[in-house]
Amino acid sequence: MSDISIIGAGYVGLTTGACLASIGHHVTCIDNDARKVSMLELGEIPIFEPGLQDIVKSGLSSGRLVFTENLKAGVKSSEFVFLCLPTPEQPDGSADTSYVEAVVRDLGPLLKSGSVVIYKSTMPIRSHSLIRKLLNRDDIGIASNPEFLREGSAVSDFLTPDRVLIGSDDAHVGERVASIYSSFEAPIVITDAKSAETIKYLSNAYLALKISFVNESARFCDAVDSNLKDVLYGLSLDPRIGSQFLSPGPGWGGSCFPKDTKALLHTASDHGFDFNLIRHAVISNDIHQEEIAASVIRLLTANQRHQGAVVTALGLAFKAGTDDTRRSPALTILRHLQDHVKEIRCYDPFADLNDDPSFTRLTTPLEALKGADIAVVLTEWDEFAQLNPADIKNSMRGNVILDTRYILDKEMYRSHGLVVVSVGIPRNS
Ligand code: UGA
């Protein structure tokens, strides 16, 4: 078993550290946020991620998982050092690698000879040579090992991946990194660094493109009066299309797809390449969110409730299973609506508004629905599907719910005098 350190205890770093400890490695997680480190040392995790707290606690009690703020002490004896740092979007769409660059500069003199620096952060294609230059050490290996975990199912995605991807310009380093995952059944793909970085970007771009296709198809079904539900079922039975990532919604968001598609477009344009398909997937996603907001206004107008309207948003997180609102379609749609209505009341079981005063966040769904002219389901939380329509009817002033996540039972709602509308689904179906 290997001596591993992880730099950055965010979604990816904390999951990577706790999971690697759970399969027997000795892991030191390093983070420069002292408060976060103290919390983690007590087994408290700062994010909502199913199953993560349990493996952090068992890692701590086995002694195989430790946390520190001290970079020097943390990496001193490590054979493998994982970089799990943010690479946020810059105004021009490129990925900001300054956090990674600063840490790599500091790491240079601290690493044990023969150790390997592995970057899990999604890094622009060609980062391998940048890291080599900044480290300024020939006795250290470098590898890219992009992560494919999703927020909300991070632990199981990490422990039972579809594939493990390793990129290094030194084949022996690639093999050494592969040994970390020797207990996994998944195929291990070892390639050069640029190809690994490209696989990561194209994976996210392809999935974003697929969801844009589904969301545009939903609006197309409305235009031609087809039933999206049957259409998607029919499509999904073709194994070349498949049923995964075929759920329509309010648009794709989160900390990865929006940022990574933009960074891919930026890299493409730097190389004189116009990645038309992905450019249009991004445009399609923006238009879809505007169209959802426009549907809310149309529904309010059709029901003579536009003037001074109160809108209730059920869900703020970018998807269910997480408290993350980064680039959440829910917030984008609410911002599009903001100037057209009197009040926006919100409820989400985990996500909050981070003191954004534009909207009112309530503590229960029924409170949020009080006096609403229209409600919009924006995140697919199970608890929204379990709500009692009779209670909703009593709380709301209007009777229309726009369900962008297709989770409400239309028939049951109809029997309580409520109309549930979803893009692509005929009203009377
Ligand atoms: C995504 C990828 O799925 C992971 O493989 C990758 O590791 C991660 O980005 C990353 O690069 O770090 P994540 O952003 O956590 O993971 O979330 P997803 O589950 O992929 O969802 C992204 C967005 O697409 C969400 O807004 C979600 O609601 C939407 N979505 C997803 C749909 O609208 N329909 C679907 O069928 C699936």
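As the structure lists them, so they are numbered: ligands from 1, and atoms in each ligand from 1. Side chains included, hydrogens not; waters and symmetry mates left out as well; all remaining heavy atoms used.
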- Query: Who gets closest to atom 17 (O) of ligand 1 by heavy atom: Lys319, Glu151, Arg150?
  - Reply: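 Residue with the shortest heavy-atom distance to the ligand atom: Lys319.
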- Task: Please work out which of Phe158, Phe245, Tyr11 has its closest non-hydrogen atom nearest to atom 37 (C) of ligand 1.
- Result: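 Residue with the shortest heavy-atom distance to the ligand atom: Phe245.
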Tell me whether the count of non-hydrogen atoms from other residues, nucleotides or ligands lying under 6.0 Å of [atom1] in [X] goes above 12.
X      : atom1 : value
Tyr181 : OH    : yes
Phe220 : CZ    : no
Asp238 : CG    : yes
Arg414 : CZ    : yes

Got an N/O contact under 3.5 Å between [X] and ligand 1?
X      : answer
Gly249 : no
Gly254 : no
Glu147 : yes
Phe148 : yes

- So is Lys200 close enough to ligand 1, meaning a heavy atom under 4.0 angstrom away?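 In this structure, Lys200 qualifies as a contact of ligand 1 - some heavy atom is under 4.0 Å.
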- Query: For ligand 1, is Arg405 a contact, meaning one of its heavy atoms is under 4.0 Å away?
  - Reply: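 Checking ligand 1 against Arg405, which is what was asked, there is a heavy-atom contact under 4.0 Å.
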Could you check whether any side-chain heavy atom of [X] comes within less than 4.5 Å of a side-chain heavy atom of [Y], counting everything from C-beta outward?
X      : Y      : result
Tyr119 : Glu197 : yes
His271 : Thr267 : yes
Tyr11  : Thr322 : yes
Pro329 : Trp252 : no
Leu40  : Pro46  : yes

- Per-atom contacts, ligand 1 versus Gly253 - under 4.0 Å to a heavy atom: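 Within the 4.0 Å cut-off of Gly253, ligand 1 contributes 22 (C), 23 (C), 25 (C), 26 (O).
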- Message: Within the 4.0 Å heavy-atom shell around Cys256, which atoms of ligand 1 are there?
- Response: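 Close to Cys256: 8 (C), 9 (O), 10 (C), 11 (O), 12 (O), 14 (O).
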Do me a favour and list the nearest non-hydrogen protein atom to [atom] with residue, atom name and distance?
atom                    : value
atom 1 (C) of ligand 1  : Phe257 CE2, 3.5 Å
atom 7 (O) of ligand 1  : Leu149 O, 2.7 Å
atom 25 (C) of ligand 1 : Phe318 CD1, 3.5 Å
atom 29 (C) of ligand 1 : Ile211 CD1, 3.9 Å
atom 35 (C) of ligand 1 : Ser247 O, 3.6 Å

- Task: Go through the steps for Phe82 and Phe80 under the test ring-ring contact (aromatic ring centres under 6.0 Å, His included), then give the verdict.
- Result: CA-CA 6 Å; Phe82 281 87; Phe80 299 106; 7.2 Å; no
- Specify side chain, backbone, both or neither for Asp260, according to which of its non-hydrogen atoms lie closer than 4.0 Å to ligand 1.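 Contact part for Asp260 vs ligand 1: side chain (C-beta onward).
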- Message: Please work out, at 4.0 Å between heavy atoms, whether the side chain, the backbone, both, or neither of Asn204 comes within that distance of ligand 1.
- Response: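 Side chain only.
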- Heavy-atom pair with the smallest gap, counting every atom of Asp323 and Ala351: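 Shortest heavy-atom contact: O-CB, 3.5 Å.
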